[in-house]
Amino acid sequence: MAANVGKFFESVGNFFSGGDQIPWCDRDVIAGCEREVSDAQKGSSDEFFKECIMRLSWALVHSRQPEDVQRGIAMLEASVAEANANASPLQLREKLYLLAVGYYRIGDHSRSRELVEQCLMIAPDWRQALTLKKMNEDKIKRDGAIGIGIAATAVGLIAGGIAAAVARKK
């Protein structure tokens with residue numbers, strides 16, 4: 001019985017929090033990636049520097065800190081603009097996916113879904129992208145259901161207030 005009650009509260013919590021399966025990244029990992037990028041700027045090959053930037057971007061969009069996620073999105077936006085000109089489809093897919101994760105983290109689910117669709121045009125069977133697409137769709141449906149519930153409650157309260165006011169006048 002207690003296990004069922006625990007599962008119920010967990011499912012309610014996941015409904016409102018959007019419990020996702022995307023991993024989180026800690027500040028110490030981000031700091032390590034920033035040091036790696038700094039070191040790579042001092043004479044490493046261009047390819048190694050780009051790899052370091054990708055690791056830092058991954059860490060930033062997986063952060064719990066909104067400012068880190070925003071920074072990761074900005075880095076990836078610039079990188080995608082560059083990648084469209086001269087990157088392989090797999091590199092572009094990775095960047096678009098990380099960008100979609102960033103937008104998912106900040107709550108822009110429609111933009112995240114658009115980016116996931118672009119990933120799926122490159123690799124239609126990619127499980128990570130398919131999972132993120134489903135998470136976005138679920139979140140959009142959930143937000144819509146919550147909005148409808150709030151609107152219905154407001155209408156009910158207004159109708160109840162009007163009915164009470166009419167009943168007092170009689």
Side-chain angles (χ1 to χ4, degrees), residues 6-7 9-144 146-147:
K7 285 181 184 177
F9 283 115
E10 182 180 333
S11 68
V12 169
N14 284 341
F15 178 82
F16 288 107
S17 69
D20 60 54
Q21 301 110 3
I22 299 173
W24 294 102
C25 189
D26 295 328
R27 286 271 181 163
D28 57 335
V29 173
I30 294 170
C33 290
E34 288 172 333
R35 279 191 302 276
E36 190 179 63
V37 167
S38 178
D39 292 344
Q41 281 180 319
K42 300 173 188 168
S44 295
S45 71
D46 191 45
E47 189 63 33
F48 180 69
F49 177 69
K50 287 180 180 180
E51 288 174 17
C52 294
I53 291 289
M54 280 300 293
R55 280 193 289 277
L56 176 59
S57 299
W58 183 95
L60 289 169
V61 297
H62 287 85
S63 173
R64 293 184 186 272
Q65 306 302 317
E67 62 274 7
D68 289 341
V69 177
Q70 290 288 355
R71 214 172 99 209
I73 289 172
M75 288 173 66
L76 286 162
E77 289 280 2
S79 183
V80 165
E82 177 187 317
N84 280 333
N86 57 7
S88 75
L90 286 178
Q91 289 173 328
L92 180 60
R93 176 194 80 169
E94 291 291 327
K95 292 174 183 182
L96 289 171
Y97 176 76
L98 289 177
L99 201 49
V101 168
Y103 280 109
Y104 179 85
R105 288 281 193 225
I106 64 169
D108 190 347
H109 302 290
S110 57
R111 178 71 176 132
S112 178
R113 186 173 57 181
E114 290 171 16
L115 291 163
V116 168
E117 290 293 338
Q118 290 179 32
C119 290
L120 292 171
M121 288 185 346
I122 297 169
D125 297 331
W126 192 26
R127 282 189 192 203
Q128 283 180 292
L130 291 169
T131 301
L132 184 57
K133 179 182 178 183
K134 177 157 180 17
M135 289 168 47
N136 274 309
E137 289 169 352
D138 291 348
K139 190 72 169 169
I140 290 168
K141 286 178 195 171
R142 185 177 310 119
D143 290 350
I146 291 171

query: From Lys95 NZ over to Met54 CE, what is the distance, rounded to the nearest 0.5 angstrom?
result: 6.0 Å
- prompt: Is the closest basic N to carboxylate O distance between Asp46 and Lys50 below 4.0 Å?
  reply: yes
query: So, the side chain of Ser57 versus the backbone of Ile53: is there a donor-acceptor pair under 3.5 Å, distance only?
result: yes
task: Check step by step if side-chain contact (heavy atoms from CB on, under 4.5 Å) holds for Ile122 and Leu96.
output: CA-CA 10 Å; Ile122 297 169; Leu96 289 171; 4.2 Å; yes
- request: Please determine if Arg55 and Glu94 form a salt bridge, counting it only when a charged side-chain N lies under 4.0 Å from a carboxylate O.
  value: no
message: Looking at every heavy atom in both Ser112 and Asn136, which two are closest together, and how far apart are they?
response: OG-ND2, 2.9 Å
field: Main-chain N/O of Arg127 paired to Thr131 side chain as donor or acceptor, under 3.5 Å
entry: yes
- prompt: Hey, are the side chains of Glu36 and Leu56 touching, using non-hydrogen atoms and a 4.5 Å cut-off?
  reply: no
Point-to-point distance, once rounded to the nearest 0.5 Å, from CE of Met135 to CG of Leu130: 12.5 Å
field: Aromatic ring proximity, centroids under 6.0 angstrom, His109 and Tyr104
entry: yes
Straight-line distance of Gln65 CD to Arg71 CZ, nearest 0.5 Å: 11.5 Å
message: For a side-chain contact (heavy atoms from CB on, under 4.5 Å) check, start with the C-alpha distance between Cys25 and Trp58, then their side-chain angles and the critical distance, and finish with the verdict.
response: CA-CA 9 Å; Cys25 189; Trp58 183 95; 4.1 Å; yes
query: When rounded to the nearest 0.5 angstrom, what is the spacing between CG in Leu60 and CD1 in Ile73?
result: 10.0 Å
message: On a heavy-atom basis, which atom in Ala129 and which in Val116 lie closest, and how many Å separate them?
response: O-CG1, 3.2 Å
- line: Interatomic distance, CD@Glu114 vs CG@Leu99, rounded to 0.5 Å, equals 11.0 Å
task: Could you walk me through whether Leu115 and Tyr97 pass side-chain contact (heavy atoms from CB on, under 4.5 Å), step by step?
output: CA-CA 7 Å; Leu115 291 163; Tyr97 176 76; over 6 Å; no
Glu47 CD to Cys52 SG distance, which is reported to the nearest 0.5 Å: 10.5 Å
- request: Compare every heavy atom of Asp68 with every heavy atom of Ser63, then report the nearest pair and how far apart it is.
  value: OG-OD2, 3.0 Å
- request: Apply the test side-chain contact (heavy atoms from CB on, under 4.5 Å) to residues Arg105 and Ile22: give CA-CA distance (whole Å), side-chain angles for both, the deciding distance (0.1 Å), then the verdict.
  value: CA-CA 9 Å; Arg105 288 281 193 225; Ile22 299 173; 3.0 Å; yes
